[in-house]
Amino acid sequence: MQKKDLGLAILIIVVGAVVYLRNPLFLSPINLGNTANLVGLFGIFAIGQGFVIMTGGIDLSVGSVIALLGVLFVEMVGGYAVPWPAAVAITIALGALIGLAHGILITRFKMQPFVVTLCGLLIYRGIARGYTSEATAGFPFGASYPQLEWLTIGRSYGIPHSFIAMIIIAVVMWFVLHQSVFGRHLYAVGKNDEAARFSGIRSGFVITSAYVICSVLAAVAAIYFAMFTKSVQPSSHGNFYELYAIAAAVLGGFSLRGGEGSIVGVVLGAVLLQELQNLVNLLGIPSSLNFAVMGTVILLGVLADQQLAAYRAKKRAAQAFERLQSERAES
């Protein structure tokens, strides 16, 4: 665990203690279970956003991808009676294709990630709304899918399966990011894309893979959200979810400049965000202030990241100056 991660874990404990002192219901089994479920739902796609931010990019289309793929998944299972394993596979494949399209536009056509994913946000939301004619996509009345429901919204020993799924994904992604050659290449590309290319790293492949991972995890989250809500309203489903993902990644130590971050950090960031949302609810703060809380968190996270980067730069410059002075003195 990095120092940033440890500091974030301590902050989570402190905030939790403050909330508990104000409202003991915070540690009730029901509230902890519900909070863990939300951490799992939002943490899944926040991990994917972290991979994109690692490259120095950003994906603003996550919420719209969740809405579109959620609509298609519900329609396949509930409307066309597609077996749910096949529907899951198709949904994830569509997510991979979306990420691949983003990566190709960014690496081959040299378009800005902000522009590509902002257009994706509008396109995917528009397709979802047009496909349903602004209607809500839902499962047929009385329909039941026991295995699918157990996997997505079920619980084992009181622990939501969405949370368990997030932990499994986090462990896999931890090995990918921190223990694999691909992960080292991802850090290198994020630090300096040009230098990475000169060193023989296929930066285009690395960046495209990051966007594929992001969209695939958004597809997985879309399935969980669709089963959690039981219906998908394309005009509002997934709205501003990309902000949750960005905030969780930034709080978890992912630098918007690229080349920094950890999977443990983004998971802790997702926990802290849901803890703050829980604080808003338990303390009776109007829910209309949720986005104000989110915006403040992102602002403080970016400000802290910039100040930390400036401090590190000054420290490195001071150390370099001291070494130069000592070398001159020896000579």
Side-chain angles (χ1 to χ4, degrees), residues 42-70 72 90-125 127-128 169-170 172-178 180-194 196-197 201-223 238 241-250 252 254-263 266:
F42 286 93
I44 289 172
F45 64 85
I47 292 171
Q49 185 74 249
F51 273 80
V52 168
I53 291 177
M54 177 66 73
T55 68
I58 198 166
D59 192 340
L60 299 177
S61 67
V62 168
S64 295
V65 169
I66 289 174
L68 174 60
L69 297 184
L72 296 178
I90 293 171
T91 302
I92 292 176
L94 289 173
L97 288 175
I98 289 172
L100 181 62
H102 291 172
I104 290 174
L105 289 171
I106 291 167
T107 59
R108 294 286 181 87
F109 294 90
K110 306 302 179 184
M111 296 182 68
Q112 291 294 323
F114 180 90
V115 174
V116 171
T117 58
L118 177 61
C119 292
L121 179 152
L122 300 172
I123 292 169
Y124 308 139
R125 180 76 61 183
I127 293 174
I169 291 170
V172 173
M173 293 297 104
W174 184 86
F175 277 101
V176 171
L177 184 61
H178 301 294
S180 71
V181 174
F182 172 78
R184 291 195 291 272
H185 288 178
L186 195 62
Y187 274 102
V189 169
K191 284 289 187 182
N192 192 320
D193 185 12
E194 187 174 0
R197 286 200 306 273
I201 295 174
R202 297 166 59 195
S203 61
F205 171 78
V206 172
I207 293 172
T208 301
S209 298
Y211 281 90
V212 170
I213 290 172
C214 182
S215 293
V216 165
L217 292 184
V220 174
I223 295 169
Y241 281 10
E242 54 277 352
L243 295 185
Y244 284 90
I246 294 169
V250 170
F254 280 86
S255 171
L256 292 175
R257 296 182 302 274
E260 295 180 25
S262 73
I263 298 300
V266 72

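Since the model is a prediction, treat every value here as computed from it, not as a measurement.
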Keeping the roles fixed (side chain from Gln49, backbone from Ile246), state whether a donor-acceptor pair exists under 3.5 Å.
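No: the side chain of Gln49 does not pair with the backbone of Ile246.
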Ser180 side chain vs Gly183 backbone, donor-acceptor pair below 3.5 Å
yes
Roughly how far apart are [X] [atom1] and [Y] [atom2], rounded to 0.5 Å?
{"X": "Ile47", "Y": "Leu217", "atom1": "CD1", "atom2": "CG", "result": "7.0 Å"}
{"X": "Leu100", "Y": "Ser209", "atom1": "CG", "atom2": "OG", "result": "9.0 Å"}
{"X": "Tyr187", "Y": "Ile201", "atom1": "OH", "atom2": "CD1", "result": "14.0 Å"}
{"X": "Leu177", "Y": "Ile213", "atom1": "CG", "atom2": "CD1", "result": "9.0 Å"}
{"X": "Ile106", "Y": "Gln112", "atom1": "CD1", "atom2": "CD", "result": "9.0 Å"}
{"X": "Ile44", "Y": "Met173", "atom1": "CD1", "atom2": "CE", "result": "11.5 Å"}

Of all heavy-atom pairs between [X] and [Y], which one has the smallest distance, and what is that distance?
{"X": "Gly95", "Y": "Ala219", "value": "CA-CB, 4.1 Å"}
{"X": "Cys214", "Y": "Asp59", "value": "SG-OD2, 3.5 Å"}
{"X": "Gly261", "Y": "His178", "value": "O-CE1, 3.8 Å"}
{"X": "Gly120", "Y": "Ser64", "value": "O-CB, 4.3 Å"}
{"X": "Tyr211", "Y": "Gly57", "value": "OH-CA, 3.6 Å"}
{"X": "Ser262", "Y": "Phe254", "value": "O-CE1, 3.1 Å"}

Fit a plane to each ring of Tyr241 and Tyr244, take the angle between them on a 0 to 90° scale, and name the class: parallel (under 30°), tilted (30 to 60°) or perpendicular (over 60°).
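Perpendicular: the ring planes of Tyr241 and Tyr244 meet at over 60°.
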If the test is side chain to side chain contact (heavy atoms under 4.5 Å, CB included), which one of Thr117, Val52, Leu97, Val212 qualifies with His102?
Thr117
Among Ile207, Ile263, Val266, which one satisfies side chain to side chain contact (heavy atoms under 4.5 Å, CB included) with Phe51?
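Looking at Ile207, Ile263, Val266, the match for Phe51 under the side chain to side chain contact (heavy atoms under 4.5 Å, CB included) is Ile263.
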Arg257 atom CZ: more than 12 heavy-atom contacts under 6.0 Å
yes
Any side-chain heavy-atom pair from Ile123 and Ser61 closer than 4.5 angstrom?
no
So Val250 and Leu256, do their side chains get closer than 4.5 Å, heavy atoms only?
yes
Using salt bridge (charged side-chain N to carboxylate O under 4.0 Å, His left out) as the criterion, list what pairs up with Arg184, not counting sequence neighbours.
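Arg184: no salt bridge (charged side-chain N to carboxylate O under 4.0 Å, His left out) contacts found.
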Among Thr208, Thr55, Thr107, Asp193, exactly one meets side-chain hydrogen bond (donor to acceptor under 3.5 Å, both in side chains) together with Ser203. Which residue is that?
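Single pass found, and it is Asp193.
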